[in-house]
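The basis for the numbers below is simple: all heavy atoms, side chains too, and nothing from hydrogens, waters or symmetry mates.
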Amino acid sequence: MRGDVDLGKMTQIEAKLVSSLMHTYYLQQDKFEKYVHRFNKQPRDFNFDALLGDLSLIQQKRQEEDEKVEKVDESWTEGQRKDRRDGNLSAFDHAASQARIQEASPEDTVIGSSGTGNIVNKAVRVKPEE
């Protein structure tokens with residue numbers, strides 16, 4: 001599905017809601033038959049109160065999912081605060097890493113790698129032949 005939002009008519013959030021509801025009601029066969037098809041083909045049999053009840057359930061499920069996400073975010077943030085308070089830092093020590101690189105002998109090969117910094121490869125050494 002693709003479309004452009006006329007921001008003079010609705011907000012971006014409202015457009016996302018409409019898109020989400022279209023996916024829900026057009027892609028789920030039971031909802032399509034119960035609501036969309038009946039509304040279009042048998043409007044006298046369409047039950048608007050049933051649609052409102054279904055929308056209420058969808059909203060309730062979304063709120064429950066949002067609350068779960070918020071709890072995870074809160075616990076993660078609380079964990080960060082506790083780590084800072086207790087002095088727990090990540091296991092990576094940048095200063096120690098830089099010191100190891102400086103201490104590396106010239107025979108060690110420093111391999112540049114994209115995104116992961118410098119890697120000292122001590123396993124690959126070639127001895128000159130005599």
Side-chain angles (χ1 to χ4, degrees):
M1 180 173 72
R2 184 181 165 166
D4 295 322
V5 178
D6 182 357
L7 295 175
K9 306 281 184 198
M10 66 174 55
T11 67
Q12 194 76 20
I13 293 171
E14 290 168 334
K16 286 181 181 181
L17 177 63
V18 168
S19 173
S20 174
L21 289 173
M22 285 184 68
H23 276 102
T24 299
Y25 286 96
Y26 278 82
L27 297 178
Q28 293 181 19
Q29 190 64 31
D30 61 328
K31 289 185 185 287
F32 179 81
E33 290 174 3
K34 187 174 182 180
Y35 299 109
V36 177
H37 186 265
R38 187 171 290 157
F39 179 81
N40 289 326
K41 302 295 182 183
Q42 303 162 341
R44 289 177 189 234
D45 296 335
F46 180 75
N47 185 344
F48 188 70
D49 291 329
L51 174 66
L52 291 177
D54 192 59
L55 288 169
S56 175
L57 289 175
I58 291 172
Q59 182 181 12
Q60 182 180 2
K61 287 179 185 176
R62 285 188 182 164
Q63 286 176 343
E64 290 170 1
E65 290 173 2
D66 288 347
E67 288 172 4
K68 288 178 187 176
V69 169
E70 287 175 7
K71 286 180 183 178
V72 169
D73 286 346
E74 287 173 6
S75 67
W76 188 75
T77 304
E78 181 65 25
Q80 282 183 320
R81 275 188 250 141
K82 286 179 181 177
D83 285 346
R84 269 190 244 122
R85 180 194 68 214
D86 297 340
N88 297 335
L89 302 175
S90 81
F92 180 75
D93 185 355
H94 183 72
S97 174
Q98 292 299 317
R100 283 193 301 275
I101 291 171
Q102 294 299 323
E103 292 172 4
S105 67
E107 297 161 356
D108 295 331
T109 306
V110 177
I111 302 170
S113 61
S114 65
T116 58
N118 293 327
I119 300 171
V120 176
N121 185 355
K122 294 185 178 187
V124 179
R125 289 191 186 178
V126 178
K127 290 185 180 181
E129 293 184 20
E130 296 177 14

Can you check whether V36's main-chain N or O pairs, donor with acceptor, with N40's side chain at less than 3.5 Å?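 Yes, because the side chain of N40 sits within donor-acceptor range (under 3.5 Å) of the backbone of V36.
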Counting distance only, does the side-chain N/O of S20 pair as donor-acceptor with the main-chain N or O of K16 below 3.5 Å?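 No; judged by distance alone, with no hydrogens or angles, the pair does not exist.
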Same cluster or not: are [X] and [Y] linked, directly or through other Ile, Leu, Val, Met, Phe, Trp or Tyr residues, by side-chain heavy atoms under 4.5 angstrom apart?
{"X": "L52", "Y": "L17", "result": "yes"}
{"X": "L57", "Y": "Y25", "result": "no"}
{"X": "L27", "Y": "F39", "result": "no"}

Got more than 12 heavy atoms from elsewhere within 6.0 Å of [atom1], [X]?
{"X": "F46", "atom1": "CZ", "result": "yes"}
{"X": "K31", "atom1": "NZ", "result": "yes"}
{"X": "I13", "atom1": "CD1", "result": "no"}

Hey, what do you get for [atom1] ([X]) to [atom2] ([Y]), rounding to the nearest 0.5 Å?
{"X": "D66", "Y": "Q59", "atom1": "CG", "atom2": "CD", "result": "10.0 Å"}
{"X": "E64", "Y": "K68", "atom1": "CD", "atom2": "NZ", "result": "7.0 Å"}
{"X": "D54", "Y": "D30", "atom1": "CG", "atom2": "CG", "result": "8.5 Å"}
{"X": "H23", "Y": "Q28", "atom1": "NE2", "atom2": "CD", "result": "11.0 Å"}
{"X": "E33", "Y": "K41", "atom1": "CD", "atom2": "NZ", "result": "13.5 Å"}

Do you know which two heavy atoms are closest between L7 and T11, and how far apart they sit? CD2-C, 4.3 Å
Side-chain donor-acceptor contact under 3.5 Å, Q63 with E67: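 There is no such pair (donor and acceptor under 3.5 Å, judged by atom type) between the side chains of Q63 and E67.
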